[in-house]
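Remember, predicted model here, so these are calculated numbers, not experimental data.
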Amino acid sequence: PDASVDVADGGEPENMLDIVFVIDTTSSMEDDISAVKREAVNIINRVAESGTNWRIGIVTFRDHPVAPYGDPTDYSARVDLEFTNDRNTIVNRVNLIAVDGGGDEPEAVFSGLMTALDFPWRDGAKKALILMGDAPPHDPEPTTDYTLAQVLRTAFEVDPANIYAILIGNATSTRVAFQSLADGSSGQLVNASSATAVVDAIFETITNITEDPELVSVLHEGSRALV
């Protein structure tokens with residue numbers, strides 16, 4: 001192989017892709033998450049078709065379970081699925097996602113992102129967070145005191161990790177916040193105006209991630225190395 005090509009321990013080119021879906025699971029997201037469940041297999045296949053050494057994780061978030069922010073049954077954020085490339089495991093976990101609560105309009109978006117950023121990302125992998133939600137973050141966030149600046153700094157320190165935000169609906173406050181998260185982490189924003197557009201927005205986002213110039217360059221060099 002070409003000496004300029006990075007290779008992993010097993011001799012394969014380093015075309016690694018780690019993605020964490022960070023999903024708002026408050027009540028208003030019910031139709032959107034139902035759409036994702038129906039197309040979960042196709043969504044995962046779209047990632048697999050990228051030709052990368054991929055892994056997917058899932059984090060869900062709601063809001064802090066204290067008044068006036070969230071409902072008593074809410075949670076700020078939790079890990080629903082650690083990194084895996086087992087398609088059945090991912091589909092099964094997606095289908096177990098339940099929606100409820102939410103309280104006031106802003107949600108614990110920053111807790112969701114910070115939980116995802118704490119995942120065991122692989123050195124040298126393309127690192128992407130796919131944020132899905134229809135409500136803005138608390139800024140600063142109650143209980144944790146997370147701020148936009150802190151989230152972006154943490155994302156940068158993770159090699160960096162890029163935030164690809166999917167704005168569901170058209171709320172101006174959410175658009176402004178999600179755009180700031182995407183721009184500040186060298187990610188992108190995609191808008192899904194309704195639940196019927198959510199899956200297409202996910203497909204578009206996966207394309208944006210897998211067509212990142214650096215990842216495409218590694219894939220191209222890797223294919224040459226294997227010839």
Side-chain angles (χ1 to χ4, degrees), residues 19-44 56-84 88-119 129-148 151 163-178 181 189-202 205:
I19 296 176
V20 180
F21 285 85
V22 183
I23 305 171
D24 179 342
T25 58
T26 55
S27 296
S28 62
M29 291 285 293
E30 183 170 10
D31 290 346
D32 310 291
I33 290 173
S34 293
V36 172
K37 289 179 178 181
R38 288 193 296 271
E39 293 293 329
V41 171
N42 291 328
I43 291 168
I44 296 160
I56 286 175
I58 301 172
V59 168
T60 60
F61 65 90
R62 291 182 185 170
D63 209 344
H64 296 276
V66 292
Y69 308 111
D71 293 342
T73 56
D74 278 345
Y75 55 87
S76 54
R78 71 184 184 197
V79 176
D80 282 42
L81 182 67
E82 298 280 2
F83 278 132
T84 182
N88 289 334
T89 298
I90 299 168
V91 171
N92 290 340
R93 196 63 195 82
V94 168
N95 285 323
L96 289 174
I97 293 175
V99 299
D100 196 13
D104 63 352
E105 181 191 9
E107 310 296 4
V109 178
F110 292 162
S111 281
L113 292 170
M114 292 293 277
T115 299
L117 289 168
D118 197 40
F119 266 48
L129 282 68
I130 299 180
L131 170 64
M132 297 173 54
D134 62 357
H138 295 281
D139 191 3
E141 193 174 275
T143 306
T144 64
D145 292 325
Y146 291 146
T147 64
L148 172 66
V151 171
I163 300 170
Y164 291 81
I166 298 177
L167 167 65
I168 298 171
N170 295 294
T172 300
S173 57
T174 309
R175 177 180 292 278
V176 169
F178 280 24
L181 286 163
L189 174 73
V190 173
N191 186 203
S193 59
S194 66
T196 58
V198 167
V199 172
D200 284 342
I202 294 173
T205 299

Can you find a heavy atom in the side chain of [X] that is under 4.5 Å from one in the side chain of [Y]?
| X | Y | value |
| --- | --- | --- |
| F61 | V22 | yes |
| I202 | F21 | yes |
| I130 | I166 | yes |

List the atom pairs, with distances to 0.1 Å, where a side-chain N or O of residues 96-119 and a protein N or O form a donor-acceptor pair under 3.5 Å, not counting sequence neighbours.
from, atom 1, to, atom 2, distance (Å)
S111, OG, E141, OE2, 2.3
T115, OG1, S111, O, 2.7

Of the non-hydrogen atoms in [X] and [Y], which two are nearest, and what is the gap between them?
| X | Y | result |
| --- | --- | --- |
| S194 | D32 | C-OD1, 4.1 Å |
| S173 | P136 | OG-CG, 3.6 Å |
| M29 | D24 | CG-O, 3.3 Å |
| L181 | L131 | CD1-CD2, 3.9 Å |
| P140 | T147 | CB-CG2, 3.9 Å |

Taking side chain to side chain contact (heavy atoms under 4.5 Å, CB included) as the criterion, tell me which of V36, T205, L167 meets it with M132.
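Looking at V36, T205, L167, the match for M132 under the side chain to side chain contact (heavy atoms under 4.5 Å, CB included) is V36.
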Less than 3.5 Å apart, which donor and acceptor atoms pair up between the side chains of residues 77-84 and the rest of the protein, not counting sequence neighbours?
from, atom 1, to, atom 2, distance (Å)
R78, NE, D80, OD1, 3.2
D80, OD1, T60, OG1, 2.9
D80, OD2, R93, NH2, 3.2
T84, OG1, D86, N, 3.1

Assess the residue pair Y75 and T25 against the criterion (side chain to side chain donor-acceptor pair (under 3.5 Å)); give the C-alpha distance rounded to whole Å, side-chain angles, the decisive distance to 0.1 Å, and a yes or no.
CA-CA 10 Å; Y75 55 87; T25 58; 3.0 Å; yes
Look up atom CD1 in I43 and atom CD1 in I19, then write down how far apart they are to the nearest 0.5 Å.
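Between I43 CD1 and I19 CD1, I get 11.0 Å after rounding to 0.5 Å.
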Inter-residue atom distance I90.CD1 - I58.CD1, 0.5 Å rounding
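The distance works out to 7.0 Å.
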Under the ring pair (Phe, Tyr, Trp, His ring centres under 6.0 Å) test, residues paired with Y146 that sit two or more places apart:
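Scan of Y146 (ring pair (Phe, Tyr, Trp, His ring centres under 6.0 Å), adjacent residues dropped) gives none.
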From CA spacing to verdict: side-chain contact (heavy atoms from CB on, under 4.5 Å), N191, R175:
CA-CA 9 Å; N191 186 203; R175 177 180 292 278; 3.1 Å; yes
Test log, rule side-chain contact (heavy atoms from CB on, under 4.5 Å), inputs I44 and V94
CA-CA 11 Å; I44 296 160; V94 168; 5.6 Å; no
Under 30°, 30 to 60°, or over 60°: which ring-plane class applies to H138 and H64, parallel, tilted or perpendicular?
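Correct class here is tilted.
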With side chain to side chain donor-acceptor pair (under 3.5 Å) as the criterion, how do T73 and D71 come out once you've worked through the C-alpha distance, each side chain's angles and the decisive distance to 0.1 Å?
CA-CA 5 Å; T73 56; D71 293 342; 5.3 Å; no
